**Student:** 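I am attaching a structure below and will ask some questions about it afterwards.
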Amino acid sequence: MPAITLPDGSVRQFDAPVTGTTVAEAIGPGLARAALAMKLDGKLVDLATPIERDADVRFVTRKDPEALELIRHDAAHVLAEAVQDLYPGTQVTIGPAIENGFYYDFARNEPFTPEDFAPIEAKMREIIARGAKFEREEVDRQDAIRFFQEKGEKYKAEIIQDLPPTETISLYRQGDWVDLCRGPHMRTTADVGPAFKLMKVAGAYWRGDHRNAMLSRIYGTAWRDQKELDAYLHMLEEAERRDHRRIGKEMDLFHLQEEAAGAIFWHPKGWQLYLKAEAYMRRRLDSSGYKEVKTPQLLDRVFWEKSGHWENYREHMFIARIEDEDKTLAVKPMNCPCHVQIFRQGIRSYRELPLRLAEFGSCHRYEPSGALHGIMRVRAFTQDDAHIFCTEEQIAPETVRFVELLASIYRDFGFERFRVKFSDRPTPRAGDDATWDRAESALREACATAGVDYELNPGEGAFYGPKLEFVLRDAIGRDWQCGTLQVDFVMPERLDAEYVGEDGARHRPVMLHRAILGSFERFLGILIEQYAGRFPLWLAPVQAVVATIVSDADGYAEEVAAAFAAAGLAVETDLTNQKINAKVRTHSLAHVPVLAVVGRKEAETRTVALRRLGSQAQDVVPLEEAVARLALEATPPDLSRGREPA
RNA sequence: GCUGCUGUAGCUCAGUGGUAGAGCACUCCCUUGGUAAGGGAGAGGUCGUGAGUUCAAUCCUCACCAGCAGCACCA
């Protein structure tokens, strides 16, 4: 007879098997109304799940974090029923809850359009209002396959076929509609509530494989209540405002045009931003023991054949044919083989290791057209690339050193948080298992030493070695891999890199491929979104504008601007015959961090009225003090560290 | 690359089978005003490219290019 232990430690004894529903009712009518599902010994299950033995039970109500997932999963089922009701002949496939919502993939000859959303949503509301019970039923595998085949649901039948034999096959019924589903679900369709919205249609490959059929996916979002939904929709709008493509245009940072798809035209202001980031990185690498190099853009095809890239990535390389010489050159898609060439010049000693070769390496890759995205995913980009040639013993300490540098650099750019993914051996791969064991454990060990929390990304390593990926998130919640560290035993072998060890014999070095920003282009895109264009002073392309109130102050304004410029500030003057209100507005919208306003008063007293972006306060200070203060604040973080504020 | 959508002035966008419009920006004039839009005038587009249908195409059809969303890809 089950004894149910509740989260507060109290125990309820029952003299016959019960379900969550009866337990909730026994506790109280309020809980019985609020309970949507339960955690049975830590596992989220239906409220109607029978409990036959002693167990820990926690009820999940709308307030609990698990509720969102349930609401979204149930919403996906409701969506599927609505679609099958409105568009007979449509097959269902899968429909999970995802971050912020849910989707369902349908197989239908005719694709859905956003115009279909209104009728589908209306039908969904009907189904929700009907409040049919979700009823779980466990069935025999063969019966289930036959059942779905007879309904013409060949995708569902295929899913069951591929489920491991140990897996219980369960169906969920909501009224007349049935879906194959592992569950759990809430009590009835009414529990989904009113706070949902269909968001977009898109194609998606069956089982995520591009060789399979393209299904029609409908995305939706769902929340506990209207307030949450509104807040989410509002957040999306805000995110759109900080899209780097929009801000890039507004702030005149860069542009793209069709004759150079996937390549960026950096405008003067955008290039200032780029140069500041590059100068900063150069200092950080230099002071971390890296040696900067520069290698060729174009190399003979033979070279890429030797490195193995021609075989694997030929389709993604830009090729140049030289008719006169009957040669084929390829624009470099990466820098590592070139760095190996530098390593190979002369005879290397173990005393030189670790040798850290860095390059702001400009690379070209013919990315698939659908992958291009603003400046975040382009075909011409520059990596803050470096290769560390070292011994196996040095992998761990070098990794620790790298992670520390990376975290410090991300912090300087305003990113306190980032995710780390550990990608281990893929199939197919180069190198034997013993080598992989060594590489993976070295990396794991290094993560432990460096205090890095990572999530495992199984089978996603590079073909030559395991890797760490450092992921930053953009304004719209999309994740972008920026930093990376890859352990490589293969390339040194392939390109015959070696050093003379302490024992006088020749050895293969290990190569660590690593990048912190990844590509400048992508990183700057994320940076623009991170700050919504309101950069900290050290990065701002235009750091200050000197704006006059009356034209009598023009001469003094020029003097102020000259003083700012002499202190290394990027400054512009605004001597137009606009009112000061208009000038404030213009430069605020342009995200200029410092507005120095000068009128007759300031000219007479040799002061400036400083107004900071985002503040209405005016700070009238003597010119010399303003220069000193701003110059200090505009100092890049690495240069101002340890320095006392003036 | 795949599915769907989009492409009109520098930007944001409206619009029609009879070769086009707004706001902002831009130029000029008036205005010298103390912290988020002072007023007026003007200039600006072979409606993404190419073909087809039509008496007539920016509008309809097809192809291509580019972009957007998602999927796949990302050494």
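Heavy atoms only: backbone and side chains are in, while hydrogens, waters and symmetry mates are out. In what follows, chains are A, B, ... by sequence order, proteins preceding strands, each numbered from 1. It should be emphasised that the depicted structure is a prediction, and the values quoted were computed from it without experimental measurement.
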**Student:** Hey, is CD on Glu455(A) packed in by over 12 heavy atoms from elsewhere, all under 6.0 Å?
**Tutor:**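 For Glu455(A), atom CD is crowded (more than 12 foreign heavy atoms under 6.0 Å).
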**Student:** Under 6.0 Å between ring centres: does that hold for Phe389(A) and His339(A)?
**Tutor:**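 Ring centres of His339(A) and Phe389(A) not closer than 6.0 Å.
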**Student:** Given atom CG of Leu589(A) and atom P of G23(B), what is their separation to the nearest angstrom?
**Tutor:**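 Rounded to whole Å, this separation is 19 Å.
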**Student:** Which nucleotide, A75(B), U35(B), U3(B), lies nearest any side-chain atom of Gln486(A)?
**Tutor:**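 From the listed options, A75(B) comes nearest.
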**Student:** Identify which one of Phe520(A), Phe381(A), Phe360(A), Phe254(A) satisfies the ring-ring contact (aromatic ring centres under 6.0 Å, His included) criterion when paired with Tyr274(A).
**Tutor:**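 Considering Phe520(A), Phe381(A), Phe360(A), Phe254(A), a ring-ring contact (aromatic ring centres under 6.0 Å, His included) with Tyr274(A) is found only for Phe520(A).
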**Student:** Does a distance-only test, which skips hydrogens and angles, find a donor-acceptor pair under 3.5 Å between the side chain of Glu602(A) and the base of G34(B)?
**Tutor:**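 Counting by modelled atom types and ignoring angles, a donor-acceptor contact under 3.5 Å is found here.
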**Student:** In whole Å, what separates the C1' atom of A51(B) from that of G10(B)?
**Tutor:**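 Their C1' atoms lie roughly 31 Å apart.
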**Student:** Does the side chain of Arg245(A) get closer than 4.0 angstrom to OP1 or OP2 of C68(B) through an N or O atom?
**Tutor:**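 True: Arg245(A) side-chain N/O within range (under 4.0 Å) of C68(B) OP1/OP2.
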**Student:** G4(B), OP1 or OP2 - any side-chain N/O from Thr113(A) closer than 4.0 Å?
**Tutor:**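 So the side chain of Thr113(A) is outside the cut-off, no N or O lying under 4.0 Å from OP1 or OP2 of G4(B).
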**Student:** Starting at atom CD of Glu367(A), determine the distance to atom P of G67(B), rounded to an integer number of angstrom.
**Tutor:**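 My rounded result for the distance is 13 Å.
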**Student:** Taking N or O atoms only and anything under 3.5 Å, show me the protein contacts with nucleotides 6-12 of chain B, one pair per line.
**Tutor:**
from, atom 1, to, atom 2, distance (Å)
U12(B), OP1, Lys249(A), NZ, 3.0

**Student:** Say we look at A9(B) and C47(B): how far apart would their P atoms be, to the nearest angstrom?
**Tutor:**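 Comparing P positions in A9(B) and C47(B) gives a spacing of 10 Å.
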**Student:** Determine the contact category for Ala547(A): base if any of its heavy atoms lies under 4.0 Å from a base atom, sugar-phosphate if only primed atoms, P, OP1 or OP2 are that close, otherwise nothing.
**Tutor:**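 The residue Ala547(A) makes no contact with any strand.
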**Student:** Determine whether any donor atom in the side chain of Arg377(A) lies under 3.5 Å from an acceptor atom in the base of C73(B), or the reverse, and answer yes or no.
**Tutor:**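 Indeed there is one.
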**Student:** Looking for any heavy atom pair under 4.0 Å, which part of the strands does Tyr103(A) touch: base, sugar-phosphate only, or nothing?
**Tutor:**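 No contact at all - Tyr103(A) keeps every heavy atom at 4.0 Å or more from the nucleic acid.
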**Student:** Taking only the C1' atom of each, what is the distance from C28(B) to C60(B) in whole angstrom?
**Tutor:**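 The same atom, C1', in both gives a distance of 44 Å.
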**Student:** Indicate yes or no for a side-chain donor-acceptor contact from Lys156(A) to the backbone of Thr93(A) under 3.5 Å, with no hydrogens or angles considered.
**Tutor:**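 The answer is yes, because a donor-acceptor pair under 3.5 Å joins these two groups.
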**Student:** To the nearest angstrom, how far is Phe470(A) atom CZ from C74(B) atom C1'?
**Tutor:**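 Atom-to-atom, Phe470(A) to C74(B), this comes out as 18 Å.
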**Student:** List in chain and number order the residues that pass salt bridge (Lys or Arg N to Asp or Glu O under 4.0 Å) with Asp105(A), two or more places apart in sequence or in another chain; answer none if no residue qualifies.
**Tutor:**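 Listed in chain order: Arg217(A).
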**Student:** In whole angstrom, give the distance that lies between atom NE2 of His255(A) and atom C1' of G67(B).
**Tutor:**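 Roughly 14 Å, once rounded to whole Å.
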**Student:** A66(B) and A75(B): how far apart are their C1' atoms, nearest whole angstrom?
**Tutor:**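 One C1' to the other, the span is 27 Å.
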**Student:** Output the residues of residues 454-466 of chain A in contact with RNA chain B, where contact means a heavy atom of the residue under 4.0 Å from an atom of the strand; sort by number or write none.
**Tutor:**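 Here the set is Tyr464(A).
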**Student:** Pick the closest RNA chain B nucleotide for Pro333(A) and for Lys601(A) by heavy atoms, then say which residue is nearer the 5' end.
**Tutor:**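 Closest to the 5' end, via its nearest nucleotide, is Lys601(A).
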**Student:** Report the nucleotide, chosen from G33(B), A36(B), G70(B), that has the shortest atom-to-atom distance to any side-chain atom of Met214(A).
**Tutor:**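 Nearest to the side-chain atoms of Met214(A), counting from C-beta on, is G70(B).
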**Student:** Counting heavy atoms from C-beta on, name the nucleotide in C71(B), U32(B), A36(B) closest to the side chain of Ser551(A).
**Tutor:**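 My answer, after comparing the listed nucleotides, is U32(B).
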**Student:** Hey, where does RNA chain B pair up into stems, meaning at least three consecutive Watson-Crick or G-U pairs with distances under 3.5 Å?
**Tutor:**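 In RNA chain B, stems of three or more pairs: B:1-7 with B:65-71, B:10-13 with B:21-24, B:26-30 with B:38-42, B:48-52 with B:60-64.
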**Student:** Within the 4.0 Å heavy-atom criterion, would you say Gly308(A) contacts the bases, only the backbone, or no part of the nucleic acid?
**Tutor:**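 No contact.
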**Student:** Spell out yes or no: do the side chain of Arg365(A) and the base of A75(B) have one donor N/O and one acceptor N/O closer than 3.5 Å?
**Tutor:**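 When only heavy-atom distances are counted, Arg365(A) does reach the base of A75(B) through a donor-acceptor pair under 3.5 Å.
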**Student:** Centre-to-centre under 6.0 Å for Phe196(A) and Trp223(A), is that the case here?
**Tutor:**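 No, they do not, as the ring centres are separated by 6.0 Å or more.
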**Student:** Looking at the side chain of Val597(A), which of C71(B), A75(B), U35(B) is the nearest nucleotide?
**Tutor:**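 Of all the options, the side chain of Val597(A) is nearest to U35(B).
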**Student:** How many whole angstroms separate atom NE2 of His210(A) from atom P of U3(B)?
**Tutor:**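 Going from NE2 in His210(A) over to P in U3(B) covers 13 Å.
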**Student:** Atom CG of Leu372(A) and atom C1' of C68(B): how far apart are they, to the nearest Å?
**Tutor:**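 Spelled out: CG on Leu372(A) to C1' on C68(B) is 12 Å.
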**Student:** Say you pick atom C1' in G7(B) and the same atom in U12(B); how far apart are they, in whole Å?
**Tutor:**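 Taking atom C1' in both G7(B) and U12(B), they lie 14 Å apart.
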**Student:** When you check every protein heavy atom under 4.0 Å of nucleotides 38-43 of chain B, what one-letter string (B, S, -) results, 5' to 3'?
**Tutor:** S-----
**Student:** Which is true for Glu250(A) with a 4.0 Å heavy-atom rule: it touches a base, it touches only sugar-phosphate, or it touches nothing?
**Tutor:**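 Glu250(A): no heavy atom of the nucleic acid under 4.0 Å.
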**Student:** Would you indicate what Gln383(A) reaches in the nucleic acid, counting non-hydrogen atoms under 4.0 angstrom: base, sugar-phosphate, or nothing?
**Tutor:**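 Nothing, no nucleic acid heavy atom in range.
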**Student:** Go through the steps to decide whether Phe112(A) and Tyr104(A) satisfy the test ring pair (Phe, Tyr, Trp, His ring centres under 6.0 Å), and finish with yes or no.
**Tutor:** CA-CA 12 Å; Phe112(A) 297 100; Tyr104(A) 210 109; over 10 Å; no
**Student:** Determine the Euclidean distance between corresponding C1' atoms of G52(B) and C26(B); express it in Å to zero decimal places.
**Tutor:**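 Looking at atom C1' only, C26(B) and G52(B) are 40 Å apart.
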**Student:** Return whichever of Leu610(A) or Pro111(A) has its heavy-atom-nearest nucleotide of RNA chain B closer to the 5' end.
**Tutor:**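 The 5'-side residue here is Pro111(A).
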**Student:** Rounding to an integer number of angstrom, what distance separates C64(B) and A22(B) when you compare their C1' atoms?
**Tutor:**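 Here C64(B) and A22(B) have their C1' atoms 32 Å from each other.
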**Student:** Under 4.5 Å between any side-chain heavy atoms of Glu359(A) and Gln383(A), yes or no?
**Tutor:**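 They are not in contact (no side-chain heavy atoms under 4.5 Å apart), so the answer is no.
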**Student:** NA contact type, Arg600(A), heavy-atom cut-off 4.0 Å: base, sugar-phosphate, or nothing?
**Tutor:**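 Base: the residue Arg600(A), judged by heavy atoms under 4.0 Å, touches a nucleobase.
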**Student:** Are more than 12 heavy atoms from other residues, nucleotides or ligands located less than 6.0 Å from atom CG of Asp432(A)?
**Tutor:**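 Count over threshold, so yes.
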**Student:** State whether the number of non-hydrogen atoms from other residues, nucleotides or ligands found under 6.0 Å of Lys294(A) atom NZ is greater than 12.
**Tutor:**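 More than 12 heavy atoms, drawn from other residues, nucleotides or ligands, come within 6.0 Å of this atom.
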**Student:** Please answer whether the main-chain N or O of Val471(A) pairs with a side-chain N or O of Gln481(A) as donor and acceptor at a distance below 3.5 Å.
**Tutor:**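 No; judged by distance alone, with no hydrogens or angles, the pair does not exist.
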**Student:** Find the distance Arg379(A):CZ to C65(B):P and express it as a whole number of Å.
**Tutor:**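 Result: 11 Å.
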**Student:** Closest to the Tyr205(A) side chain: C71(B), C73(B), G4(B)?
**Tutor:**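 Of the options given, the side chain of Tyr205(A) lies nearest C71(B).
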**Student:** When the side chains of residues 614-623 of chain A are checked against the rest of the protein, which donor-acceptor pairs come out under 3.5 Å, sequence neighbours left out?
**Tutor:**
from, atom 1, to, atom 2, distance (Å)
Ser615(A), OG, Ala617(A), N, 2.9
Asp619(A), OD2, Arg629(A), NH2, 2.5

**Student:** Just do the side-chain hydrogen bond (donor to acceptor under 3.5 Å, both in side chains) check on Thr484(A) and Gln486(A) with the steps written out, would you?
**Tutor:** CA-CA 6 Å; Thr484(A) 183; Gln486(A) 309 173 3; 3.2 Å; yes
**Student:** Is the NZ or CZ atom of Arg211(A) both under 6.0 Å from the centre of the six-membered ring of Tyr205(A) and within 45° of that ring's axis?
**Tutor:**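 The answer is no, since Arg211(A) fails at least one limit relative to Tyr205(A).
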**Student:** Should His316(A) be listed as having a side-chain N or O under 4.0 Å from OP1 or OP2 of G1(B)?
**Tutor:**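 So the side chain of His316(A) is outside the cut-off, no N or O lying under 4.0 Å from OP1 or OP2 of G1(B).
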**Student:** Taking the basic N atoms (NZ, or NE/NH1/NH2) and the acidic carboxylate oxygens, is any pair closer than 4.0 Å for Glu469(A) and Lys467(A)?
**Tutor:**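 Salt bridge present between Glu469(A) and Lys467(A).
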**Student:** Counting side-chain heavy atoms from C-beta on, which of C71(B), A72(B), U35(B) comes nearest to Pro368(A)?
**Tutor:**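 Taking heavy atoms from C-beta onward, the closest nucleotide is A72(B).
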**Student:** Indicate, with a heavy-atom threshold strictly under 4.0 Å, whether Arg611(A) touches base, sugar-phosphate, or nothing.
**Tutor:**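 Since a base atom lies under 4.0 Å of Arg611(A), the category is base.
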**Student:** Please state the C1' separation for the pair A14(B) and C24(B) - nearest whole angstrom.
**Tutor:**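 About 15 Å, rounded to a whole number of Å.
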